[in-house]
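Convention: sequence-line order gives letters A, B, ...; per-chain numbering from 1. The structure presented is a predicted model; accordingly, all values stated were derived computationally and were not measured.
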Protein chains: 2
Amino acid sequence: MDFQVSFNVNNKLFVKDPENTDLGRQIVKNAIDLIYTLGFEQFTFKKLAIEIQTTEATIYRYFENKHKLLLYILNWYWSYMEFLVMFKLQNLDNPEIKLIAVIDLLTSDLPVNSGKFDYNKKFLNQIVISESSKAYLVKDISEINKDEVFKPYKDLCSKIADLIAEYNPNYKFPKSLTTTLIESSHQQQFFADNLPKLTDVNELNQKDFVNSFLKDLLFKSILI
Amino acid sequence: MDFQVSFNVNNKLFVKDPENTDLGRQIVKNAIDLIYTLGFEQFTFKKLAIEIQTTEATIYRYFENKHKLLLYILNWYWSYMEFLVMFKLQNLDNPEIKLIAVIDLLTSDLPVNSGKFDYNKKFLNQIVISESSKAYLVKDISEINKDEVFKPYKDLCSKIADLIAEYNPNYKFPKSLTTTLIESSHQQQFFADNLPKLTDVNELNQKDFVNSFLKDLLFKSILI
DNA sequence: TTAAAAATGATAGTATTACTACCATCTCAA
DNA sequence: TTGAGATGGTAGTAATACTATCATTTTTAA
C-alpha cells in the first residue's frame with residue numbers, strides 16, 4: 001500500500017504555503033521537533049531559524065507568528081486524523097465496531113508513513129497532547145475563529161458525534177461527549193506521564209489504560 | 001452566617017506572603033482582574049504594576065514570575081473549592097446526593113463572600129476555565145511538581161474520587177473520571193461560550209447544560 | 001537568452017518582556 | 001533612636017516578537 005495523502009490546510013494560517021517549497025517543509029518539520037523539545041512557550045522563530053540555518057525574516061515570510069504555526073501543525077494533524085478515521089471505517093457497518101475503531105485511533109500513535117510528510121509522528125502526538133489546548137485557550141479566540149482555523153477539529157468532532165447518534169439516536173450529548181473523549185484522551189495521557197496520581201494507571205501501559213477508560217466512558221454513556 | 005476562611009497556600013509559590021500586607025492583597029486582587037481582562041499571555045507584571053501604581057520591582061518581591069502567580073491564584077481557588085465541598089457535604093450521607101452536590105459546585109459560580117478575600121469570583125471562575133490548564137501544560141512540570149504546587153488540586157480530586165468509590169466500589173476509574181469531570185466542566189463552559197458548535201448547548205443556559213451533561217456522564221459511568 | 005519577478009540571505013532596528021541591581025526613603029518596633 | 005524591613009525609583013540587560021531595507025540568487029516567462 002503506497003499512496004499520497006494531501007490536505008489543503010486553511011490558507012489563512014500561512015503567509016506563503018510551506019508545502020510548496022523545500023524550505024517551507026523544513027520549517028514545519030523542524031518546528032515540530034523544536035516545539036516538542038522546548039515546549040511551545042520556549043519555542044521561538046529565532047531558535048527555529050538557527051536550527052535550519054536561515055533567518056527569522058525568512059520564517060516570517062511563511063508564518064505570521066508562532067501561534068499560527070502551531071495552528072497550522074494542529075490543523076494538519078486533525079485533517080490527517082479525519083482521513084484516518086474515514087479510512088479505518090470504510091467497509092465497517094456495525095456502529096459499535098466503528099466507535100471502537102475511533103477510540104483506538106485516538107489512543108494510538110499516528111502511523112509513520114504518509115508520503116512526503118515525514119513529520120515525526122511521535123513528536124506530533126506529544127504536541128497534540130501537551131500544546132493543542134493552547135491553540136484555542138486564547139483571548140482573541142472569536143477573532144481567529146472567524147478564519148475557520150478550527151474547521152478540521154470541528155469536522156472530526158462532528159463525524160464522531162454522528163457515529164454516536166447512529167449508535168444511540170436518543171443520547172442527548174453526542175457533541176459534548178465527543179469533545180470530552182478527545183480532550184480527555186490527551187489529558188489522561190498527559191497525567192499518566194506527569195501526574196500519575198491523578199489517574200488510575202496501573203501495570204497496564206498508558207495507551208491501553210486510556211483506551212479502556214475511554215471505551216468504558218463512551219459505551220456506558222450511550223448505552224441504549 | 002459570617003466567618004473567615006483561610007488556607008495556607010504553598011509557600012513555594014511566593015517570595016513574600018501576599019496575604020500579610022495590603023499591597024500583597026492588592027497585587028493578587030488586581031492580578032485576577034487583569035488576567036481575566038487581558039488573558040494570561042498578554043498579562044505582564046509591568047501592566048499590573050501600572051494598574052496598582054507601584055513598580056515591577058515591588059511585584060517581583062512577592063512573586064518570582066507570572067506563572068507562579070497564576071499557580072498561587074489557582075491554588076487559592078482549589079483550596080477554597082475543597083473547603084466548599086467539605087462544607088456542602090457535611091450532614092449528607094447518601095453518596096448519590098453528595099455527588100450531585102459536587103457537580104453542582106463544579107458548575108456554579110463561587111459564592112461571593114469569603115471574608116477579607118474580596119477577589120472577583122466571576123473573574124476567578126473564568127480564569128480557572130480559560131487559564132488553569134496552562135499551569136500544568138508546561139515543559140518543566142516535573143520540576144514544579146516537586147514543590148507540591150498541585151497538592152490542592154490533587155486533594156480535591158482524591159476527595160471526589162473517594163465519593164465515587166463509596167458509591168460504586170467496583171468502578172475501575174474513579175480518579176480518571178474525576179479529572180475528566182473537572183476538566184470537562186471547564187472545557188464545555190469554554191466551548192459553550194466560544195465554540196458552541198462543539199457542544200450540545202441549547203435553549204438551556206450554559207451552566208444548566210454543563211451540569212446535566214456531567215451528571216449524565218458521571219452516573220451512567222458509575223451505575224452499579 | 002535575457003529580463004523581470006520572486007525567493008532568500010544578511011543586517012539592522014524597534015518596542016516590549018522578563019527580569020536583576022542598586023540606592024534612597026519611609027515606617028514601625030525594640 | 002536606631003536600625004531592620006518594606007517600598008519606590010531608576011537603570012540596565014538579554015531575549016522576544018516583530019518590521020524594514022537592500023543585496024543576491026533562483027525561477028519563470030517572453
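In this entry the distance linking NE2 of A/His67 with P of D/dT16 reads 19 Å, nearest Å. In this structure, A/Leu48 atom CG and D/dA17 atom P are separated by 12 Å, rounded to whole Å. One atom, CG of A/Leu23, and another, P of C/dA6, lie 18 Å apart when rounded to the nearest Å. C/dA7 atom C1' lies 18 Å from atom CD of A/Glu19, rounded to whole Å. Atom CD of B/Glu64 and atom P of C/dT17 are 20 Å apart (whole Å). As a whole-Å value, the separation of B/Gln26 CD from D/dT7 P is 12 Å. Spacing between atom NZ of A/Lys68 and atom P of D/dC18 amounts to 11 Å, rounded to whole angstrom units. Rounded to whole angstrom, the span from the CG atom of A/Asn65 across to the C1' atom of C/dA15 amounts to 16 Å.
Looking at which nucleotide of DNA chain D each of B/Lys16 and A/Lys47 is closest to, the 5′-most match is held by B/Lys16.
Judged by a 6.0 Å distance limit and a 45° cone about the ring axis, A/Lys139 is positioned over the six-membered ring of B/Tyr36. Figure legend: cation-pi geometry between B/Lys66 and B/Phe40, with NZ or CZ positioned under 6.0 Å from the six-membered ring centre and within 45° of its axis.
A/Thr55 has no side-chain polar atom (N or O) that falls below the 4.0 Å cut-off from OP1 or OP2 of C/dG9. Residue A/Thr54 places at least one side-chain N or O closer than 4.0 Å to OP1 or OP2 of C/dG9. One finds no side-chain N or O of A/Thr58 lying less than 4.0 angstrom from the OP1 or OP2 phosphate oxygen of C/dT8.
Distance from the side chain of B/Tyr60 is smallest for C/dC19 among the nucleotides C/dG9, C/dT8, C/dC19. Minimum atom distance to the side chain of A/Glu56 is reached by D/dA17, of the listed C/dG9, D/dA17, D/dT7. Of the candidate nucleotides D/dT7, C/dC19, C/dT8, C/dT8 has the atom nearest to the side chain of A/Thr21.
Within the 4.0 angstrom heavy-atom criterion, only backbone atoms of the sugar-phosphate kind lie near A/Tyr62; the bases stay farther away.
With B/Glu82 as reference, B/Lys159 is the one residue of B/Lys151, B/Lys154, B/Lys159 to meet the salt bridge (Lys or Arg N to Asp or Glu O under 4.0 Å) rule. Under the side-chain contact (heavy atoms from CB on, under 4.5 Å) test applied with A/Trp78, the options A/Val9, A/Ile73, A/Ile182 reduce to a single match, A/Ile182.
Counting non-hydrogen atoms of neighbouring residues, nucleotides and ligands closer than 6.0 angstrom, the CG atom of B/Asp22 reaches no more than 12 such neighbours. Heavy-atom contacts from other residues, nucleotides or ligands closer than 6.0 Å to CD of A/Gln53 number 12 or fewer. Applying the 6.0 Å contact sphere to CG of A/Asn202 captures more than 12 heavy atoms from other residues, nucleotides or ligands.
Side chains of A/Leu84 and A/Pro111 form a contact here, defined as non-hydrogen atoms less than 4.5 Å apart. Under the 4.5 Å side-chain criterion, counting only non-hydrogen atoms from C-beta, A/Gln42 is not in contact with B/Asp140.
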Can you tabulate the close N/O pairs, meaning under 3.5 Å, that link protein atoms to atoms of nucleotides 21-29 of chain D?
none

Discussion item. Treating primed atoms plus P, OP1 and OP2 as sugar-phosphate and everything else as base, which nucleotides of nucleotides 24-30 of chain C get B, S or - for protein heavy atoms under 4.0 Å?
Written reply: -------

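Heavy-atom distances under 4.0 Å link DNA chain D to no residue of residues 27-46 of chain B.
No donor-acceptor contact under 3.5 angstrom links the side chains of A/Asn75 and A/Asn10, judged on distance only.
A salt bridge links B/Lys122 and B/Asp109; the closest N-O separation between the charged side-chain nitrogens and carboxylate oxygens is under 4.0 Å. By the 4.0 Å N-to-carboxylate-O rule, A/Lys134 lies too far from B/Glu41 to be salt-bridged with it.
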